[in-house]
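Below you'll find the structure, written out as structure tokens, and then a few comments.
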Amino acid sequence: MRKRFIAGNWKMHKTKEESLAYMQEFRQYIQGAKDVDIVLAVPFTLLETIKKEIENTGIGVAAQNIFYEEQGAFTGEVSAAMAKDFADYVIIGHSERRKYFNETNEIVNKKIKAAIGKGLKVIFCLGETQDERNQGKTKQVAETQLREGLAGLTIDNMKSIIIAYEPVWAIGTGNTATPEQAEEVHAFLREILKPVFNDQVAQETRIIYGGSVNPENASAILQKENIDGCLPGGASLDPQKLANIIKSQ
Ligand code: PEP
């Protein structure tokens, strides 16, 4: 039985003051939520604040990126070890990083290895663009991103990976994938994990969905057999909306 996993991705939003106001409400709203891993993915500037805010709540905190080098002359970058001072998780391979910061599957793979090497758990994002879907390449793209992103990882490493299927056309557009469209890709990704790792890894790895998830559509998505949680972006900026998604049956 895979435990449900819900992570809110704040992206580049919220000052320290705004984040404190959010947490005050969020803690109230999620009371009673059970059988779910809850994670907040916040900007680097808020990691320390949120880490303190979630103490003894069971909530996890995630960075939204790291660089793969250990240290050095990489102005503006943050290493895995630096993120690990505050974070339990890190998002890697988000389509916004692939698009705006030219992150390739090779870079994503290096970042995943660096993160796991320092004890971070990884929310590994992949998904096709609208053009790729229109051309019938959804599964081909997902398979390539999965295989190349996870290249060289061991079966043991996979305990630290949560896969997030995030079709690019559904992110921030309000144009969410139907539960059936998402389930089809999730089931496919799980099948690919079998030959790459083994049946147990395929069975136990959590695969979550992201792309315009909100309190109204979360329940239908989360009902699907191979969808183990979700990664809301926009909706997670509102503590009540995120809590309602978390409490979706
Ligand atoms: C995301 O941030 O990964 C995301 C899916 O955003 P949104 O929910 O706003 O589409």
Side-chain angles (χ1 to χ4, degrees), residues 4-14 18-19 22 26 36-47 50 59-66 87 89-101 103 105 108 111-112 115 121-130 132-133 138 141-142 145-146 149 161-179 181-183 185-186 189 206-222 224 226-248:
R4 187 176 281 185
F5 185 97
I6 303 208
N9 177 15
W10 287 5
K11 312 193 187 197
M12 195 176 75
H13 290 282
K14 298 196 190 294
E18 288 163 349
S19 77
Y22 180 107
F26 186 60
V36 54
D37 285 332
I38 303 169
V39 173
L40 293 172
V42 305
F44 287 125
T45 49
L46 296 175
L47 286 176
I50 300 303
I59 302 171
V61 64
Q64 298 174 8
N65 179 36
I66 50 158
Y89 296 84
V90 58
I91 295 178
I92 294 180
H94 194 282
S95 66
E96 288 152 16
R97 295 220 50 95
R98 292 178 190 261
K99 178 176 173 191
Y100 300 121
F101 303 96
E103 290 194 6
N105 291 335
V108 168
K111 289 187 173 194
I112 289 175
K121 296 192 189 89
V122 175
I123 302 167
F124 164 39
C125 300
L126 55 85
E128 81 287 0
T129 62
Q130 185 70 69
E132 289 163 341
R133 177 164 279 263
T138 297
V141 169
Q145 289 181 335
L146 186 79
I161 300 280
I162 291 118
I163 297 168
Y165 169 57
E166 297 212 306
V168 179
W169 49 271
I171 298 178
T173 58
N175 188 18
T176 191
T178 64
Q181 283 173 323
E183 169 67 12
V185 179
H186 283 231
L189 291 170
R206 289 180 288 185
I207 308 180
I208 64 173
Y209 168 79
S212 296
V213 175
N214 60 41
E216 287 71 46
N217 61 28
S219 181
I221 292 167
L222 293 168
K224 291 291 179 190
N226 286 291
I227 303 183
D228 305 313
C230 59
L231 180 56
S236 77
L237 296 174
D238 177 328
Q240 182 135 48
K241 284 187 184 167
L242 181 58
N244 287 344
I245 293 170
I246 289 165
K247 289 179 162 180
S248 295

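Order of appearance sets the numbers: ligands from 1, and atoms from 1 within every ligand. Only this structure's heavy atoms are used, side chains among them; waters, hydrogens and symmetry mates stay out. Positions are given from 1, in the same order as the sequence printed here.
Of all atoms in ligand 1, numbered sequentially from 1 with element shown, those under 4.0 Å from a heavy atom of G211 are 5 (C), 10 (O). Those atoms of ligand 1 with a heavy atom of G172 less than 4.0 angstrom away are 7 (P), 9 (O), 10 (O). For ligand 1, the atoms sitting less than 4.0 Å from at least one non-hydrogen atom of A170 are 10 (O), numbered in the order shown with element in parentheses. Counting the atoms of ligand 1 from 1 in the order shown, those under 4.0 Å from a heavy atom of N9 are 1 (C), 2 (O), 3 (O). Listed by number with element, the atoms of ligand 1 under 4.0 angstrom from any heavy atom of P232 are 8 (O). Annotation for ligand 1: atoms under 4.0 Å from non-hydrogen atoms of G210 are 5 (C).
Looking from atom 9 (O) of ligand 1 to the surrounding protein, the closest heavy atom is G234 N, 2.8 Å. The protein non-hydrogen atom at the shortest distance from atom 2 (O) of ligand 1 is K11 CE, 2.7 Å. In this structure, atom 8 (O) of ligand 1 lies nearest to the protein heavy atom G233 N, 2.7 Å.
Not a single donor-acceptor pair under 3.5 Å links the side chain of D228 to the backbone N or O of I208. At least one donor-acceptor pair under 3.5 Å links the side chain of K111 to the backbone N or O of I66. In this structure a side-chain-to-backbone donor-acceptor pair under 3.5 Å is present from S212 to A170.
Checked against the 6.0 Å centroid criterion, the rings of Y89 and F5 qualify as a close aromatic pair.
Under 4.0 angstrom from ligand 1, there are no non-hydrogen atoms of A235. Here S212 has heavy atoms under 4.0 Å from ligand 1 in both its backbone and its side chain. Contacts of H94 with ligand 1, taken as heavy-atom pairs under 4.0 Å, involve the side chain alone.
Between A182 and Y209 the shortest heavy-atom distance is CB-CD1, 3.8 Å.
Heavy atoms of other residues, nucleotides or ligands lying less than 6.0 angstrom from NZ of K14 number more than 12.
Below 30°, between 30° and 60°, or above 60°: for Y22 and W10 the angle between ring planes is above 60°, a perpendicular geometry.
Between R133 and E128, at least one side-chain nitrogen of the basic residue sits less than 4.0 Å from a carboxylate oxygen of the acidic one, meeting the salt-bridge criterion.
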